Amino acid sequence: MTTTAVTDQTERALLARIPTGLYIDGRWTEAADGGRFEVVDPSTETVLATVADARPDDGDRALAAAHAAQPSWGRTPPRVRAEILRQAFELVTIRAEDFALTMTLEMGKPLAEAHAEVSYGAEFLRWFGEEATRISGRYSTAPDGANRLVVTRRPVGPCLLITPWNFPLAMATRKIAPAIAAGCTMVLKPAALTPLSALLLAEVLEDAGLPPGVLSVIPTTDPGSVSGPLLSDARLRKLSFTGSTPVGRRLIAASADQVLRVSMELGGNAPFIVFEDADLDAAVEGALAAKLRNGGEACVAANRFLVHRSLADEFGQALAARMSSVTVGRGTDPATRLGPLINAAAVARVGRLVDGAVAAGARLALGGRALDGPGHFFPPTVLTDVPAGADILDEEIFGPVASIVPFDTEDEAVRLANATPFGLVCYVYTRDLDRGLRMGERLETGMLGLNTGVVSNPAAPFGGVKQSGLGREGGREGIEEYLETCYIGVADPFAAFG
Ligand code: SIN
(Lines give C-alpha, C1' and ligand atoms only; values in the text may rest on other atoms or scores of the structure.)
Protein backbone atom coordinates (compact mmCIF):
# COMPACT_ATOMS: atom_id res chain seq x y z
CA MET A 1 0.00 0.00 0.00
CA THR A 2 1.20 3.55 -0.75
CA THR A 3 2.35 5.35 2.39
CA THR A 4 3.95 8.44 0.84
CA ALA A 5 2.20 11.20 -1.05
CA VAL A 6 1.56 10.30 -4.67
CA THR A 7 3.48 12.45 -7.12
CA ASP A 8 2.10 14.20 -10.19
CA GLN A 9 4.33 11.99 -12.27
CA THR A 10 2.82 8.81 -10.81
CA GLU A 11 -0.64 10.17 -11.48
CA ARG A 12 0.19 11.11 -15.06
CA ALA A 13 1.81 7.75 -15.73
CA LEU A 14 -1.26 5.92 -14.39
CA LEU A 15 -3.71 8.07 -16.33
CA ALA A 16 -1.74 7.41 -19.51
CA ARG A 17 -2.15 3.65 -18.94
CA ILE A 18 -5.93 3.61 -18.40
CA PRO A 19 -7.93 2.84 -21.55
CA THR A 20 -10.41 5.60 -22.37
CA GLY A 21 -12.37 4.11 -25.27
CA LEU A 22 -15.56 2.09 -25.19
CA TYR A 23 -14.98 -1.63 -24.69
CA ILE A 24 -17.35 -3.46 -27.02
CA ASP A 25 -17.13 -7.06 -28.21
CA GLY A 26 -13.53 -7.41 -27.07
CA ARG A 27 -12.32 -4.26 -28.83
CA TRP A 28 -11.55 -0.72 -27.70
CA THR A 29 -13.41 1.74 -29.91
CA GLU A 30 -14.50 5.34 -30.15
CA ALA A 31 -18.14 6.36 -29.71
CA ALA A 32 -20.41 6.26 -32.78
CA ASP A 33 -20.19 10.05 -33.17
CA GLY A 34 -16.58 10.31 -31.92
CA GLY A 35 -17.72 12.24 -28.82
CA ARG A 36 -15.74 12.30 -25.59
CA PHE A 37 -16.35 13.74 -22.14
CA GLU A 38 -14.13 14.96 -19.35
CA VAL A 39 -13.50 13.14 -16.08
CA VAL A 40 -12.73 15.63 -13.33
CA ASP A 41 -10.82 15.24 -10.05
CA PRO A 42 -13.26 16.40 -7.32
CA SER A 43 -10.29 17.46 -5.14
CA THR A 44 -8.77 19.88 -7.61
CA GLU A 45 -11.50 20.35 -10.24
CA THR A 46 -8.90 19.61 -12.91
CA VAL A 47 -9.49 17.30 -15.87
CA LEU A 48 -7.99 13.84 -15.42
CA ALA A 49 -8.91 12.31 -18.78
CA THR A 50 -11.40 12.37 -21.60
CA VAL A 51 -13.46 9.24 -22.18
CA ALA A 52 -15.46 8.07 -25.20
CA ASP A 53 -19.10 9.07 -24.71
CA ALA A 54 -21.40 6.20 -25.78
CA ARG A 55 -24.44 6.94 -27.95
CA PRO A 56 -27.50 4.75 -28.53
CA ASP A 57 -25.78 3.04 -31.50
CA ASP A 58 -22.95 2.01 -29.19
CA GLY A 59 -25.43 0.58 -26.71
CA ASP A 60 -26.96 -1.39 -29.56
CA ARG A 61 -23.55 -2.73 -30.63
CA ALA A 62 -22.79 -3.75 -27.05
CA LEU A 63 -26.11 -5.56 -26.64
CA ALA A 64 -25.68 -7.26 -30.02
CA ALA A 65 -22.30 -8.56 -28.83
CA ALA A 66 -23.78 -9.76 -25.54
CA HIS A 67 -26.65 -11.47 -27.36
CA ALA A 68 -24.32 -13.19 -29.83
CA ALA A 69 -21.96 -14.38 -27.09
CA GLN A 70 -24.70 -15.65 -24.74
CA PRO A 71 -25.26 -19.18 -26.13
CA SER A 72 -21.62 -20.25 -26.10
CA TRP A 73 -20.82 -18.39 -22.86
CA GLY A 74 -23.82 -19.97 -21.15
CA ARG A 75 -22.44 -23.41 -22.08
CA THR A 76 -18.89 -22.65 -20.93
CA PRO A 77 -17.99 -25.09 -18.14
CA PRO A 78 -18.41 -23.57 -14.68
CA ARG A 79 -14.79 -24.38 -13.88
CA VAL A 80 -13.64 -22.25 -16.82
CA ARG A 81 -15.79 -19.33 -15.65
CA ALA A 82 -14.49 -19.83 -12.12
CA GLU A 83 -10.87 -19.78 -13.28
CA ILE A 84 -11.39 -16.53 -15.20
CA LEU A 85 -12.83 -14.93 -12.06
CA ARG A 86 -10.00 -16.29 -9.94
CA GLN A 87 -7.45 -14.93 -12.42
CA ALA A 88 -9.23 -11.56 -12.42
CA PHE A 89 -9.04 -11.53 -8.61
CA GLU A 90 -5.28 -12.13 -8.83
CA LEU A 91 -4.79 -9.41 -11.45
CA VAL A 92 -6.85 -6.80 -9.59
CA THR A 93 -4.83 -7.62 -6.48
CA ILE A 94 -1.54 -7.33 -8.37
CA ARG A 95 -2.70 -3.99 -9.77
CA ALA A 96 -4.08 -2.76 -6.43
CA GLU A 97 -2.00 0.44 -6.54
CA ASP A 98 -3.41 1.32 -9.97
CA PHE A 99 -7.01 0.66 -8.98
CA ALA A 100 -6.70 2.50 -5.66
CA LEU A 101 -5.11 5.58 -7.18
CA THR A 102 -7.62 5.61 -10.03
CA MET A 103 -10.50 5.65 -7.55
CA THR A 104 -8.85 8.30 -5.41
CA LEU A 105 -8.33 10.51 -8.44
CA GLU A 106 -11.76 10.17 -10.01
CA MET A 107 -13.92 9.82 -6.89
CA GLY A 108 -11.84 11.56 -4.21
CA LYS A 109 -11.74 8.90 -1.46
CA PRO A 110 -8.51 8.72 0.57
CA LEU A 111 -5.98 6.19 -0.69
CA ALA A 112 -6.35 3.97 2.38
CA GLU A 113 -10.07 3.70 1.71
CA ALA A 114 -9.45 3.13 -1.97
CA HIS A 115 -7.19 0.23 -1.05
CA ALA A 116 -9.94 -1.15 1.19
CA GLU A 117 -12.28 -0.94 -1.78
CA VAL A 118 -9.79 -2.80 -3.97
CA SER A 119 -9.80 -5.67 -1.46
CA TYR A 120 -13.59 -5.51 -1.14
CA GLY A 121 -14.11 -5.33 -4.91
CA ALA A 122 -11.57 -8.07 -5.70
CA GLU A 123 -13.18 -10.36 -3.16
CA PHE A 124 -16.43 -10.41 -5.18
CA LEU A 125 -14.40 -11.88 -8.05
CA ARG A 126 -12.96 -14.58 -5.81
CA TRP A 127 -16.22 -15.29 -3.98
CA PHE A 128 -18.28 -15.70 -7.14
CA GLY A 129 -15.50 -17.69 -8.78
CA GLU A 130 -16.03 -20.16 -5.95
CA GLU A 131 -19.82 -19.99 -6.31
CA ALA A 132 -19.66 -20.68 -10.07
CA THR A 133 -18.96 -24.36 -9.49
CA ARG A 134 -21.72 -24.79 -6.89
CA ILE A 135 -24.75 -24.04 -9.07
CA SER A 136 -26.98 -27.04 -8.63
CA GLY A 137 -30.49 -28.35 -9.22
CA ARG A 138 -32.44 -31.27 -7.82
CA TYR A 139 -34.12 -34.54 -8.74
CA SER A 140 -37.14 -35.78 -6.87
CA THR A 141 -40.19 -37.98 -7.14
CA ALA A 142 -43.55 -36.23 -7.45
CA PRO A 143 -45.78 -36.86 -4.40
CA ASP A 144 -48.13 -39.07 -6.46
CA GLY A 145 -45.17 -41.04 -7.80
CA ALA A 146 -46.17 -40.46 -11.42
CA ASN A 147 -43.35 -38.20 -12.54
CA ARG A 148 -39.80 -37.36 -11.71
CA LEU A 149 -39.14 -33.66 -11.10
CA VAL A 150 -35.84 -32.38 -12.44
CA VAL A 151 -35.07 -28.80 -11.47
CA THR A 152 -32.22 -27.11 -13.32
CA ARG A 153 -30.65 -23.68 -13.26
CA ARG A 154 -29.54 -21.69 -16.27
CA PRO A 155 -28.24 -18.17 -16.92
CA VAL A 156 -30.86 -15.44 -17.18
CA GLY A 157 -29.23 -14.11 -20.35
CA PRO A 158 -27.82 -10.74 -21.41
CA CYS A 159 -27.82 -8.20 -18.56
CA LEU A 160 -27.55 -4.43 -18.35
CA LEU A 161 -25.54 -3.45 -15.26
CA ILE A 162 -25.69 0.19 -14.13
CA THR A 163 -23.22 1.20 -11.44
CA PRO A 164 -22.80 4.33 -9.30
CA TRP A 165 -19.85 6.66 -8.74
CA ASN A 166 -19.37 6.13 -5.00
CA PHE A 167 -17.71 2.68 -5.17
CA PRO A 168 -16.44 2.62 -8.76
CA LEU A 169 -14.75 -0.79 -8.53
CA ALA A 170 -16.71 -2.76 -5.94
CA MET A 171 -20.15 -1.97 -7.32
CA ALA A 172 -18.96 -3.16 -10.73
CA THR A 173 -17.43 -6.41 -9.48
CA ARG A 174 -20.47 -7.05 -7.25
CA LYS A 175 -22.57 -7.30 -10.43
CA ILE A 176 -20.07 -8.53 -13.04
CA ALA A 177 -18.72 -11.42 -10.94
CA PRO A 178 -22.06 -13.18 -10.25
CA ALA A 179 -23.12 -12.59 -13.86
CA ILE A 180 -19.93 -14.25 -15.12
CA ALA A 181 -20.28 -17.05 -12.59
CA ALA A 182 -23.85 -17.75 -13.68
CA GLY A 183 -22.96 -17.71 -17.38
CA CYS A 184 -24.61 -14.41 -18.32
CA THR A 185 -23.24 -11.90 -20.80
CA MET A 186 -23.50 -8.22 -19.94
CA VAL A 187 -23.26 -4.56 -20.82
CA LEU A 188 -21.88 -2.35 -18.05
CA LYS A 189 -22.76 1.32 -17.92
CA PRO A 190 -20.57 2.88 -15.22
CA ALA A 191 -21.29 6.33 -13.81
CA ALA A 192 -19.99 9.11 -16.06
CA LEU A 193 -18.38 10.77 -13.01
CA THR A 194 -16.09 7.76 -12.40
CA PRO A 195 -15.71 5.63 -15.54
CA LEU A 196 -11.94 5.04 -15.33
CA SER A 197 -12.00 2.26 -12.72
CA ALA A 198 -14.55 0.29 -14.78
CA LEU A 199 -12.47 0.68 -17.94
CA LEU A 200 -9.39 -0.54 -16.09
CA LEU A 201 -11.44 -3.48 -14.82
CA ALA A 202 -12.51 -4.35 -18.38
CA GLU A 203 -8.84 -4.50 -19.35
CA VAL A 204 -8.08 -6.81 -16.42
CA LEU A 205 -11.02 -9.10 -17.22
CA GLU A 206 -9.85 -9.34 -20.81
CA ASP A 207 -6.34 -10.21 -19.56
CA ALA A 208 -7.94 -12.83 -17.30
CA GLY A 209 -9.37 -14.56 -20.38
CA LEU A 210 -12.94 -13.28 -20.58
CA PRO A 211 -14.06 -13.95 -24.17
CA PRO A 212 -15.15 -11.08 -26.46
CA GLY A 213 -18.76 -10.04 -26.12
CA VAL A 214 -19.27 -11.38 -22.60
CA LEU A 215 -18.65 -7.92 -21.14
CA SER A 216 -18.93 -4.55 -22.84
CA VAL A 217 -18.36 -1.25 -21.01
CA ILE A 218 -20.08 1.87 -22.31
CA PRO A 219 -19.68 5.05 -20.24
CA THR A 220 -22.05 7.80 -21.35
CA THR A 221 -23.17 11.26 -20.33
CA ASP A 222 -26.61 10.54 -21.77
CA PRO A 223 -27.75 7.49 -19.78
CA GLY A 224 -31.42 7.82 -20.64
CA SER A 225 -30.94 7.72 -24.39
CA VAL A 226 -28.48 4.81 -24.19
CA SER A 227 -30.20 2.65 -21.53
CA GLY A 228 -33.79 3.36 -22.62
CA PRO A 229 -33.60 1.50 -25.96
CA LEU A 230 -31.73 -1.38 -24.31
CA LEU A 231 -34.47 -1.85 -21.72
CA SER A 232 -37.10 -2.16 -24.42
CA ASP A 233 -34.97 -4.49 -26.57
CA ALA A 234 -36.08 -8.14 -26.49
CA ARG A 235 -32.45 -9.31 -26.51
CA LEU A 236 -31.96 -7.97 -22.96
CA ARG A 237 -33.17 -10.21 -20.11
CA LYS A 238 -32.06 -8.48 -16.93
CA LEU A 239 -31.30 -5.13 -15.35
CA SER A 240 -29.20 -4.66 -12.24
CA PHE A 241 -28.97 -1.11 -10.91
CA THR A 242 -27.31 0.56 -7.94
CA GLY A 243 -28.25 4.17 -7.36
CA SER A 244 -30.98 6.43 -6.06
CA THR A 245 -34.55 5.32 -5.41
CA PRO A 246 -36.11 7.88 -7.81
CA VAL A 247 -33.94 6.63 -10.70
CA GLY A 248 -34.52 3.01 -9.67
CA ARG A 249 -38.27 3.57 -9.74
CA ARG A 250 -38.06 4.90 -13.31
CA LEU A 251 -35.88 1.98 -14.38
CA ILE A 252 -38.29 -0.55 -12.86
CA ALA A 253 -41.11 1.08 -14.84
CA ALA A 254 -39.02 1.01 -18.02
CA SER A 255 -38.24 -2.69 -17.41
CA ALA A 256 -41.91 -3.61 -17.27
CA ASP A 257 -42.42 -3.73 -21.05
CA GLN A 258 -39.99 -6.62 -21.45
CA VAL A 259 -40.78 -8.03 -17.98
CA LEU A 260 -37.06 -7.96 -17.23
CA ARG A 261 -35.59 -9.56 -14.14
CA VAL A 262 -34.57 -6.58 -12.00
CA SER A 263 -32.16 -6.21 -9.10
CA MET A 264 -32.21 -2.83 -7.39
CA GLU A 265 -29.82 -1.53 -4.75
CA LEU A 266 -31.39 1.82 -3.95
CA GLY A 267 -31.27 4.54 -1.33
CA GLY A 268 -31.14 4.24 2.43
CA ASN A 269 -31.81 6.28 5.54
CA ALA A 270 -29.94 4.19 8.07
CA PRO A 271 -30.71 4.69 11.75
CA PHE A 272 -27.81 4.16 14.16
CA ILE A 273 -29.41 3.34 17.51
CA VAL A 274 -27.47 3.62 20.76
CA PHE A 275 -29.28 2.15 23.77
CA GLU A 276 -28.64 3.19 27.35
CA ASP A 277 -26.70 -0.04 28.05
CA ALA A 278 -24.34 0.36 25.07
CA ASP A 279 -20.56 0.43 25.35
CA LEU A 280 -20.21 4.14 24.61
CA ASP A 281 -16.63 4.02 23.31
CA ALA A 282 -17.50 1.16 20.97
CA ALA A 283 -20.60 3.03 19.82
CA VAL A 284 -18.58 6.15 18.99
CA GLU A 285 -16.03 4.08 17.04
CA GLY A 286 -18.84 2.32 15.20
CA ALA A 287 -20.50 5.66 14.51
CA LEU A 288 -17.30 7.01 12.96
CA ALA A 289 -17.08 4.00 10.66
CA ALA A 290 -20.76 4.04 9.76
CA LYS A 291 -20.70 7.78 9.11
CA LEU A 292 -17.29 8.52 7.61
CA ARG A 293 -16.64 5.41 5.51
CA ASN A 294 -16.47 6.73 1.96
CA GLY A 295 -16.97 10.25 3.35
CA GLY A 296 -20.59 9.41 4.10
CA GLU A 297 -21.20 8.89 0.38
CA ALA A 298 -22.60 5.39 0.81
CA CYS A 299 -26.15 4.11 0.85
CA VAL A 300 -25.28 2.24 4.04
CA ALA A 301 -23.97 5.39 5.75
CA ALA A 302 -25.58 6.09 9.13
CA ASN A 303 -28.05 8.88 8.41
CA ARG A 304 -29.78 9.34 11.78
CA PHE A 305 -28.17 8.77 15.17
CA LEU A 306 -30.94 7.81 17.58
CA VAL A 307 -29.36 7.94 21.04
CA HIS A 308 -30.96 7.19 24.39
CA ARG A 309 -31.51 10.51 26.16
CA SER A 310 -29.29 9.47 29.09
CA LEU A 311 -26.29 9.19 26.72
CA ALA A 312 -27.15 11.69 24.00
CA ASP A 313 -25.00 14.60 25.27
CA GLU A 314 -22.00 12.43 26.06
CA PHE A 315 -22.27 10.59 22.75
CA GLY A 316 -22.62 13.87 20.80
CA GLN A 317 -19.56 15.39 22.50
CA ALA A 318 -17.45 12.27 22.02
CA LEU A 319 -18.45 11.94 18.36
CA ALA A 320 -17.79 15.64 17.69
CA ALA A 321 -14.37 15.35 19.37
CA ARG A 322 -13.43 12.32 17.24
CA MET A 323 -14.76 13.89 14.05
CA SER A 324 -12.96 17.20 14.71
CA SER A 325 -9.62 15.38 14.55
CA VAL A 326 -10.31 14.02 11.07
CA THR A 327 -7.96 15.50 8.47
CA VAL A 328 -9.73 16.77 5.37
CA GLY A 329 -7.82 16.94 2.09
CA ARG A 330 -6.94 15.41 -1.23
CA GLY A 331 -7.09 11.63 -1.06
CA THR A 332 -3.57 11.22 -2.40
CA ASP A 333 -2.15 12.77 0.79
CA PRO A 334 -1.54 9.92 3.27
CA ALA A 335 -2.70 12.16 6.15
CA THR A 336 -6.14 12.60 4.62
CA ARG A 337 -9.00 10.78 6.35
CA LEU A 338 -11.83 12.62 4.57
CA GLY A 339 -11.76 13.53 0.88
CA PRO A 340 -14.05 15.82 -1.12
CA LEU A 341 -17.66 15.24 -2.04
CA ILE A 342 -18.18 14.20 -5.63
CA ASN A 343 -19.18 17.57 -7.09
CA ALA A 344 -20.47 21.08 -6.39
CA ALA A 345 -24.10 19.94 -6.46
CA ALA A 346 -23.38 17.45 -3.66
CA VAL A 347 -21.80 20.18 -1.53
CA ALA A 348 -24.80 22.45 -2.12
CA ARG A 349 -27.22 19.65 -1.17
CA VAL A 350 -25.43 18.80 2.07
CA GLY A 351 -25.18 22.52 2.93
CA ARG A 352 -28.91 22.94 2.35
CA LEU A 353 -29.73 19.99 4.64
CA VAL A 354 -27.49 21.32 7.42
CA ASP A 355 -28.88 24.87 7.13
CA GLY A 356 -32.42 23.50 7.13
CA ALA A 357 -31.78 21.47 10.28
CA VAL A 358 -30.29 24.47 12.09
CA ALA A 359 -33.21 26.65 10.99
CA ALA A 360 -35.56 23.97 12.38
CA GLY A 361 -33.85 24.16 15.79
CA ALA A 362 -30.92 21.70 15.68
CA ARG A 363 -27.68 22.72 17.43
CA LEU A 364 -24.44 22.72 15.43
CA ALA A 365 -21.74 21.00 17.48
CA LEU A 366 -19.12 20.81 14.71
CA GLY A 367 -18.50 21.98 11.13
CA GLY A 368 -21.50 22.99 9.09
CA ARG A 369 -20.03 25.13 6.27
CA ALA A 370 -18.48 24.05 2.98
CA LEU A 371 -14.74 24.71 2.75
CA ASP A 372 -13.28 27.07 0.19
CA GLY A 373 -12.21 25.53 -3.12
CA PRO A 374 -10.72 24.42 -5.31
CA GLY A 375 -12.30 21.06 -4.63
CA HIS A 376 -15.70 20.09 -3.26
CA PHE A 377 -14.92 19.82 0.43
CA PHE A 378 -17.43 19.67 3.25
CA PRO A 379 -16.03 19.25 6.78
CA PRO A 380 -17.09 16.68 9.38
CA THR A 381 -20.29 18.05 10.88
CA VAL A 382 -22.30 17.12 13.96
CA LEU A 383 -25.85 18.31 14.66
CA THR A 384 -27.51 17.59 18.01
CA ASP A 385 -31.16 17.73 19.12
CA VAL A 386 -32.35 17.55 15.54
CA PRO A 387 -36.12 18.04 15.65
CA ALA A 388 -38.63 15.75 13.98
CA GLY A 389 -39.63 17.09 10.57
CA ALA A 390 -36.15 18.36 9.60
CA ASP A 391 -35.38 17.29 6.01
CA ILE A 392 -32.02 15.91 7.12
CA LEU A 393 -33.84 13.09 8.95
CA ASP A 394 -35.86 12.13 5.89
CA GLU A 395 -33.33 12.52 3.05
CA GLU A 396 -30.20 10.53 2.38
CA ILE A 397 -27.39 12.96 3.38
CA PHE A 398 -24.53 11.40 1.37
CA GLY A 399 -21.97 13.50 3.24
CA PRO A 400 -20.01 13.64 6.51
CA VAL A 401 -22.87 14.96 8.64
CA ALA A 402 -24.10 13.22 11.80
CA SER A 403 -27.58 14.17 13.05
CA ILE A 404 -28.35 13.17 16.63
CA VAL A 405 -31.88 12.63 17.89
CA PRO A 406 -32.55 11.64 21.52
CA PHE A 407 -35.12 8.97 22.40
CA ASP A 408 -36.56 7.62 25.67
CA THR A 409 -37.84 4.08 25.13
CA GLU A 410 -37.20 1.07 22.89
CA ASP A 411 -40.66 1.48 21.36
CA GLU A 412 -39.86 5.08 20.47
CA ALA A 413 -36.51 4.08 18.93
CA VAL A 414 -38.24 1.45 16.79
CA ARG A 415 -40.97 3.88 15.74
CA LEU A 416 -38.43 6.55 14.73
CA ALA A 417 -36.16 4.04 12.97
CA ASN A 418 -39.01 2.59 10.92
CA ALA A 419 -40.55 5.98 10.06
CA THR A 420 -39.03 6.04 6.60
CA PRO A 421 -39.87 4.53 3.22
CA PHE A 422 -36.34 3.08 3.17
CA GLY A 423 -35.10 -0.14 4.75
CA LEU A 424 -31.54 -0.87 3.76
CA VAL A 425 -29.55 -1.12 6.99
CA CYS A 426 -29.84 -0.31 10.69
CA TYR A 427 -27.09 -0.22 13.29
CA VAL A 428 -27.82 -1.09 16.93
CA TYR A 429 -25.53 -0.74 19.93
CA THR A 430 -26.60 -2.60 23.06
CA ARG A 431 -25.05 -5.07 25.50
CA ASP A 432 -28.37 -6.90 25.79
CA LEU A 433 -28.35 -9.76 23.28
CA ASP A 434 -32.09 -10.34 23.62
CA ARG A 435 -32.68 -6.72 22.74
CA GLY A 436 -30.26 -6.93 19.82
CA LEU A 437 -32.07 -9.95 18.38
CA ARG A 438 -35.44 -8.37 19.10
CA MET A 439 -34.37 -5.34 17.12
CA GLY A 440 -33.47 -7.70 14.29
CA GLU A 441 -37.15 -8.65 14.21
CA ARG A 442 -38.68 -5.23 14.91
CA LEU A 443 -36.68 -3.08 12.52
CA GLU A 444 -37.79 -2.92 8.90
CA THR A 445 -34.44 -3.52 7.30
CA GLY A 446 -32.54 -5.77 4.92
CA MET A 447 -29.38 -5.64 7.03
CA LEU A 448 -28.56 -5.02 10.68
CA GLY A 449 -25.20 -4.13 12.20
CA LEU A 450 -25.29 -5.31 15.82
CA ASN A 451 -22.51 -3.55 17.76
CA THR A 452 -20.69 -2.92 14.49
CA GLY A 453 -20.68 0.04 12.12
CA VAL A 454 -19.76 -1.96 9.01
CA VAL A 455 -21.94 -4.67 7.48
CA SER A 456 -20.67 -4.81 3.89
CA ASN A 457 -19.09 -8.16 3.10
CA PRO A 458 -18.84 -10.05 -0.21
CA ALA A 459 -19.94 -13.26 1.54
CA ALA A 460 -23.14 -11.65 2.88
CA PRO A 461 -26.42 -10.84 1.11
CA PHE A 462 -26.40 -7.05 0.68
CA GLY A 463 -29.75 -5.44 0.00
CA GLY A 464 -32.79 -3.71 1.37
CA VAL A 465 -36.53 -3.91 1.92
CA LYS A 466 -39.23 -1.30 1.24
CA GLN A 467 -37.99 1.38 -1.18
CA SER A 468 -34.35 0.41 -0.66
CA GLY A 469 -34.51 -2.21 -3.34
CA LEU A 470 -35.15 -5.65 -4.71
CA GLY A 471 -32.84 -8.64 -4.62
CA ARG A 472 -29.49 -9.24 -2.95
CA GLU A 473 -25.88 -8.84 -4.01
CA GLY A 474 -23.07 -10.91 -2.55
CA GLY A 475 -23.33 -14.04 -0.46
CA ARG A 476 -24.87 -17.25 -1.73
CA GLU A 477 -27.94 -15.21 -2.70
CA GLY A 478 -25.99 -12.98 -5.12
CA ILE A 479 -25.71 -15.53 -7.91
CA GLU A 480 -29.43 -16.34 -7.73
CA GLU A 481 -30.19 -12.96 -9.27
CA TYR A 482 -28.51 -14.16 -12.49
CA LEU A 483 -30.07 -17.64 -12.67
CA GLU A 484 -33.41 -18.87 -13.99
CA THR A 485 -35.09 -22.01 -12.76
CA CYS A 486 -36.23 -24.56 -15.31
CA TYR A 487 -38.29 -27.59 -14.25
CA ILE A 488 -38.41 -30.73 -16.39
CA GLY A 489 -41.21 -33.18 -15.71
CA VAL A 490 -40.06 -36.72 -16.54
CA ALA A 491 -42.36 -39.72 -16.92
CA ASP A 492 -42.01 -42.38 -14.23
CA PRO A 493 -38.97 -44.45 -15.38
CA PHE A 494 -40.55 -47.51 -13.74
CA ALA A 495 -43.84 -47.20 -15.67
CA ALA A 496 -42.91 -49.85 -18.24
CA PHE A 497 -40.54 -51.71 -15.96
CA GLY A 498 -43.08 -53.81 -14.20
C1 SIN B 1 -23.37 1.64 -1.68
O2 SIN B 1 -23.25 2.63 -1.00
O3 SIN B 1 -24.02 1.69 -2.72
C4 SIN B 1 -22.72 0.33 -1.31
C5 SIN B 1 -21.96 0.37 -0.08
C6 SIN B 1 -21.29 -0.94 0.26
O7 SIN B 1 -21.24 -1.90 -0.52
O8 SIN B 1 -20.78 -1.01 1.36
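If you're wondering where the values come from, they're calculated on a predicted model, not measured in any experiment. We number each residue from 1, following the sequence as shown. For ligands, and for the atoms within them, numbers begin at 1 and follow the listed sequence.
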Between F305 and Y427, does the ring centroid distance fall short of 6.0 Å?
no
Pair N269, N303: side-chain N/O donor-acceptor within cut-off below 3.5 Å
yes
Just checking W165 against F398, ring centres under 6.0 Å apart?
yes
Taking C-beta and beyond as the side chain, do I180 and L210 meet within less than 4.5 Å on heavy atoms?
yes
Collect the protein residues that have a non-hydrogen atom under 4.0 Å from ligand 1 and hand them over in chain and number order.
Y120, N166, F167, M171, R174, T242, R293, A298, C299, V300, S456, F462
Between R249 and Q467, a side-chain donor and acceptor under 3.5 Å:
yes
Taking side chain as C-beta onward, heavy atoms only, is F124 less than 4.5 Å from V92?
no
